[in-house]
Undergrad: 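Handing you a structure now.
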Amino acid sequence: MAQEKNEEKHFDIVIVGGGPGGLTAGLYGARANLKTVVIEKYMPGGQIFNTEEVEDYPGFEHISGAELATKMADHAKKFGLEIISDEVTEVKSDGDFKKVAVGASGVNYVGKAMVVCPGGSAVFLDVPGEKELTGKGVSYCAICDGAFFKDQVIAVVGGGDAAVEEAIFLTKFGSKVIIIHRRDELRAQKVIQQRAFKNQKIEFIWDSVVEKINGEAKIESLNLKNVKTNETSTLDVGACFVFIGFYPNTQILPDEIKTNKEGYIVTNTSMETTIPGIYACGDVREQLVRQITNAVGDGTTAAMAAVYRIEAMDD
Ligand code: NAP
């Protein structure tokens, strides 16, 4: 799709990624009367656009992810935010006050400051039925979706910290939680393992992988294979949470942006990265929890820091 257009579009603040963090940064940038753009490759809202129901965003007891995303985008647009559909393939810093997002369309989006919020991606199982049943019982976020599976049998795939911690959290809802792990030993820290072993609601299926996820309108069962004996079986479940790794989408960012050992961007309290004038917010940033609420907070700080920087530069 990359074209040699060499076209440049100039803004005050260029925001890469239109999730809740990016849209909030856009709202604050536009409200400060700066020419602000969000560049998003899919739909404004990012991951939340595909979330069936959001019930942990203050002020909305129940709202679909798509509706919340649309409300956020419309709200920011009322203040003059421009939202452009394009895929950013590279981010460059060309001096203190020239930040460039290279679009797959061939357009270079040039800003005096930039906010990067490209989010992160869950590692998928990559088995038949997974894609079709995502949002219909297959999930990658226990905090977001756990409460929908009250008193049901919940499967959790993975053996790392995320899988075991989230399995413990899911025991608040499920009648039982079954951890399916491909080895006979967990990767998770011992202290987390012990908590899971003590939990009466958690069971384990060892040495096993999910080969297929079955269901039509919603998930019904999993086809499992024991990797030691090659024995196959079917497990009836009401939900399947997959936690086999999550990676921040930093591939498009310059190497000078510091990341922690898991690859998440390290910022200061103004959300500024190690490149002055480039700020980060949302799931791509190092933080304790990845929620809409903290992405929104990050976006506010990042945009205001960018506004102050641009004002200081214009003085
Ligand atoms: P992780 O540590 O990489 O663990 C991934 C787990 O999924 C492993 O048990 C792995 O099995 C399994 N797995 C990978 N690919 C698979 C596949 N295709 N099919 C079935 N199983 C598969 O990932 P994570 O748990 O998401 O954690 C990511 C990082 O965040 C880690 O550094 C972790 O320590 C950190 N983290 C920390 C905390 C905490 O400190 N409280 C909480 C969450 C995450 P194998 O064990 O056989 O490789």
Side-chain angles (χ1 to χ4, degrees), residues 47 56 118-134 137-146 153-172 177-199 202-214 219 221-235 237 239-251 258-267 280 282-295:
Q47 277 187 59
D56 51 10
S121 304
V123 178
F124 298 138
L125 279 171
D126 203 16
V127 296
E130 181 181 27
K131 216 169 161 187
E132 297 79 351
L133 291 163
T134 294
V138 175
S139 172
Y140 305 86
C141 177
I143 300 177
C144 318
D145 297 329
V153 175
I154 298 175
V156 169
V157 186
D161 287 335
V164 181
E165 277 200 335
E166 302 299 345
I168 295 167
F169 173 76
L170 287 165
T171 59
K172 289 177 194 291
V177 175
I178 303 175
I179 296 179
I180 300 162
H181 184 37
R182 64 182 177 182
R183 292 187 292 131
D184 62 2
E185 195 184 350
L186 295 171
R187 176 179 293 279
Q189 300 163 56
K190 290 278 178 285
V191 58
I192 299 174
Q193 291 190 28
Q194 278 158 10
R195 235 175 279 147
F197 290 140
K198 268 196 225 146
N199 192 309
I202 296 183
E203 293 176 11
F204 293 86
I205 296 181
W206 302 107
D207 298 315
S208 295
V209 290
V210 175
E211 288 200 313
K212 187 165 179 263
I213 304 178
N214 306 303
I219 192 170
S221 63
L222 305 175
N223 289 2
L224 304 181
K225 184 172 103 175
N226 183 303
V227 291
K228 283 191 176 155
T229 63
N230 282 334
E231 199 180 311
T232 56
S233 59
T234 305
L235 179 71
V237 294
C240 178
F241 286 80
V242 180
F243 299 109
I244 60 170
F246 180 91
Y247 62 91
N249 296 329
T250 52
Q251 306 88 329
K258 186 181 169 194
T259 54
N260 69 11
K261 68 180 185 345
E262 280 98 29
Y264 292 88
I265 296 176
V266 177
T267 66
D283 285 359
V284 79
R285 195 176 83 77
E286 173 182 59
Q287 51 194 329
L288 186 64
V289 289
R290 294 189 285 265
Q291 293 292 292
I292 302 172
T293 44
N294 54 320

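This is a predicted model, so every value here is computed, not measured. Below, each value reflects all heavy atoms present in this structure, side chains not excepted, and no hydrogens, waters or symmetry copies. In each ligand, atom 1 is the first atom listed, and ligand 1 is the first ligand listed.
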Undergrad: Indicate the atoms forming the closest heavy-atom contact of Ala155 with Ile180, along with that distance.
TA: CB-CD1, 4.0 Å
Undergrad: Please lay out, stage by stage, how Asn249 and Ser121 fare under the test side-chain hydrogen bond (donor to acceptor under 3.5 Å, both in side chains).
TA: CA-CA 7 Å; Asn249 296 329; Ser121 304; 3.0 Å; yes
Undergrad: Which atoms of ligand 1 sit under 4.0 Å from any heavy atom of Arg183?
TA: 45 (P), 46 (O), 47 (O)
Undergrad: Could you check atom 30 (O) of ligand 1 against the protein and tell me its nearest heavy-atom contact, residue, atom and distance included?
TA: Glu262 CG, 4.3 Å
Undergrad: Kindly confirm or rule out an N or O of Val209 lying under 3.5 angstrom from an N or O of ligand 1.
TA: no
Undergrad: Determine whether Val209 and Arg182 make a side-chain contact, defined as any pair of heavy atoms from C-beta on separated by less than 4.5 Å.
TA: yes
Undergrad: Would you say atom 38 (C) of ligand 1 has a protein heavy atom nearer than 4.0 Å?
TA: yes
Undergrad: When you measure from atom 6 (C) of ligand 1 to each heavy atom in Ser208, Ala122, Ala162, Gly160, which option holds the nearest one?
TA: Gly160
Undergrad: Measure the distances from the heavy atoms of Gln189 to every atom of ligand 1 and state whether one is below 4.0 angstrom.
TA: yes
Undergrad: So is Lys261 in contact with ligand 1, going by heavy-atom distances below 4.0 Å?
TA: no
Undergrad: As a quick check of understanding, evaluate ring-ring contact (aromatic ring centres under 6.0 Å, His included) for Phe124 and Tyr140, giving each step before the final call.
TA: CA-CA 9 Å; Phe124 298 138; Tyr140 305 86; 5.3 Å; yes
Undergrad: Testing the basics here: between Glu130 and Val242, what is the closest heavy-atom pair and its distance to 0.1 Å?
TA: OE2-CG2, 4.3 Å
Undergrad: Below 4.5 Å, heavy atoms only, C-beta onward: do Ile178 and Ile154 meet side chain to side chain?
TA: no
Undergrad: What heavy-atom pair brings Ile219 and Leu222 nearest, and what distance separates the two atoms?
TA: CD1-CD2, 4.2 Å
Undergrad: Looking at atom 41 (N) of ligand 1, what's its closest protein heavy atom, distance included?
TA: Glu165 OE2, 3.0 Å
Undergrad: Over 60° means perpendicular and under 30° means parallel, so classify the ring planes of Phe246 and Tyr264, tilted if in between.
TA: parallel
Undergrad: Could you tell me whether the side chains of Asn214 and Lys212 share a donor-acceptor contact shorter than 3.5 Å?
TA: yes
Undergrad: Do me a favour and list the nearest non-hydrogen protein atom to atom 48 (O) of ligand 1 with residue, atom name and distance?
TA: Arg187 NH2, 2.7 Å
Undergrad: What protein heavy atom sits nearest atom 23 (O) of ligand 1, and how far off is it?
TA: Gly245 CA, 3.8 Å
Undergrad: Closest non-hydrogen protein atom to atom 44 (C) of ligand 1, residue and atom name please, with distance?
TA: Asp161 CB, 3.7 Å
Undergrad: When you measure from atom 28 (C) of ligand 1 to the protein, is at least one non-hydrogen atom found at a distance under 4.0 Å?
TA: no
Undergrad: So does Glu231 have more than 12 non-hydrogen atoms from other groups sitting under 6.0 Å from CD?
TA: no
Undergrad: Of the protein's non-hydrogen atoms, which lies at the shortest distance from atom 19 (N) of ligand 1, and what is that distance?
TA: Leu125 CD2, 4.1 Å
Undergrad: Could you find the nearest protein heavy atom to atom 15 (N) of ligand 1 and give me its residue, atom name and distance?
TA: Arg182 NH1, 3.5 Å
Undergrad: Please report which non-hydrogen protein atom sits nearest to atom 22 (C) of ligand 1, along with the residue it belongs to and the distance in Å to one decimal place.
TA: Ile244 CG2, 3.4 Å
